[in-house]
Structures are given as C-alpha cells and as structure tokens.
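Have a look at the structure below, then the notes.
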Amino acid sequence: MTRKIPIICTLTDPELQERRSGILARIGDHLSGRDELENGFSFSFPADDAVLRELVEVINLERKCCPFLDFKLKIEAGNDLVSLELTGREGAKETIGNLFDWK
C-alpha cells in the first residue's frame with residue numbers, strides 16, 4: 001500500500017528563497033520549453049553536461065524537501081534536449097507550478 005505523502009515543501013521561507021535564487025534560477029536560465037501535464041509539468045533543457053549535472057542536483061535536493069514529487073529525467077537518442085517531468089498525485093500540480101516557476 002502506498003502512503004499519501006503531504007503536498008508540502010519542508011524548506012523554510014529563507015531556505016526556499018535561497019534555493020530559488022541559486023540552483024533553480026541557474027537551471028531556469030537554460031529552460032527551452034515548458035509543457036503542462038495532467039498531474040504536473042515537463043520542462044525541456046539543452047542536453048549538455050553542465051545542465052545535466054545541475055538537473056541531477058535539483059532532483060537530489062528536491063526529493064528531500066518535497067517527497068511528494070515524482071521525477072522523470074528523459075534523454076532521447078538524437079535529441080539535443082533533455083526533459084525533466086515533475087509530477088505528483090492529485091492536488092500536486094498547483095504546488096509544482098508555484099515551486100518551479102520556470103517560464
């Protein structure tokens with residue numbers, strides 16, 4: 001049986017602001033596209049080494065403070081973009097959109 005994890009970020013306001021102005025802003029500068037999904041969003045980025053390293057770091061950090069998130073990092077052969085899908089159970093989409101304000 002899967003337990004329902006609360007849809008909340010455990011970072012304090014100062015920690016969240018630091019995260020947003022740090023790694024989330026850096027990776028957001030590379031955003032190539034944003035697609036809305038039924039239960040979250042898919043973000044596209046250039047598939048270069050530096051961006052991939054930062055995406056993995058984002059996943060590692062965010063899985064700790066937002067355990068309700070599901071992550072899917074997708075790299076397709078022959079595609080110069082990588083996608084990061086951030087999804088969650090019903091009700092998570094709005095929180096994902098607010099936390100990851102990449103546009």
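Here, residue 1 is the first one in the sequence, and each next residue gets the next number.
Counting non-hydrogen atoms of other residues, nucleotides and ligands closer than 6.0 Å to CG of N98 gives a total above 12. In E18, the CD atom is not crowded: 12 or fewer heavy atoms of neighbouring residues, nucleotides or ligands sit closer than 6.0 Å.
With a 4.5 Å cut-off on side-chain heavy atoms, F41 and R34 count as touching. No side-chain heavy atom of N39 sits under 4.5 Å from any side-chain heavy atom of I96. With a 4.5 Å cut-off on side-chain heavy atoms, F71 and L86 count as touching. In this structure, the side chains of E62 and C65 come closer than 4.5 Å at one or more pairs of heavy atoms. L55 places a side-chain heavy atom less than 4.5 Å from the side chain of F45. A 4.5 Å side-chain heavy-atom check between F43 and E85 finds every atom pair outside the cut-off.
Note that CG of L81 is 5.5 Å distant from OG of S44, once rounded to the nearest 0.5 Å. Of the inter-residue distances, the one linking K64 atom NZ with L69 atom CG reads 14.0 Å to the nearest 0.5 angstrom. The OG atom of S83 lies 9.0 Å from the CG atom of D35; values are rounded to the nearest 0.5 Å.
Pairing each heavy atom of W102 with each of L31, the nearest pair is C-CD2, 3.6 Å.
A salt bridge is defined here as a Lys NZ or Arg NE, NH1 or NH2 lying under 4.0 Å from an Asp or Glu carboxylate O, and K72 with D70 fails to meet this definition. A salt bridge links E76 to K74: one of the charged nitrogens lies within less than 4.0 Å of a carboxylate oxygen. Taking 4.0 Å as the cut-off between side-chain N and carboxylate O, E38 and K93 do not count as a salt-bridged pair.
When atom types are taken as modelled, the side chain of R53 and the backbone of D48 share no donor-acceptor pair closer than 3.5 angstrom. Looking at E57, its side chain never comes within 3.5 Å of a backbone N or O of E54 through a donor-acceptor pair.
A continuous path of Ile, Leu, Val, Met, Phe, Trp and Tyr side chains, each step under 4.5 Å between heavy atoms, connects L73 with L99, placing both in one hydrophobic cluster. Hydrophobic clustering, with ILVMFWY side chains joined whenever heavy atoms are under 4.5 angstrom apart, groups L52 together with I23. Follow the hydrophobic side-chain contacts under 4.5 Å out from I59 and you reach F100 in the same cluster. In the hydrophobic clustering of this structure, I8 does not group with F68; members are Ile, Leu, Val, Met, Phe, Trp, Tyr whose side-chain heavy atoms approach within less than 4.5 Å, directly or through other members.
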Kindly determine whether I7 and R89 satisfy side-chain contact (heavy atoms from CB on, under 4.5 Å), including the steps that lead there.
CA-CA 9 Å; I7 301 173; R89 66 177 171 83; 3.7 Å; yes

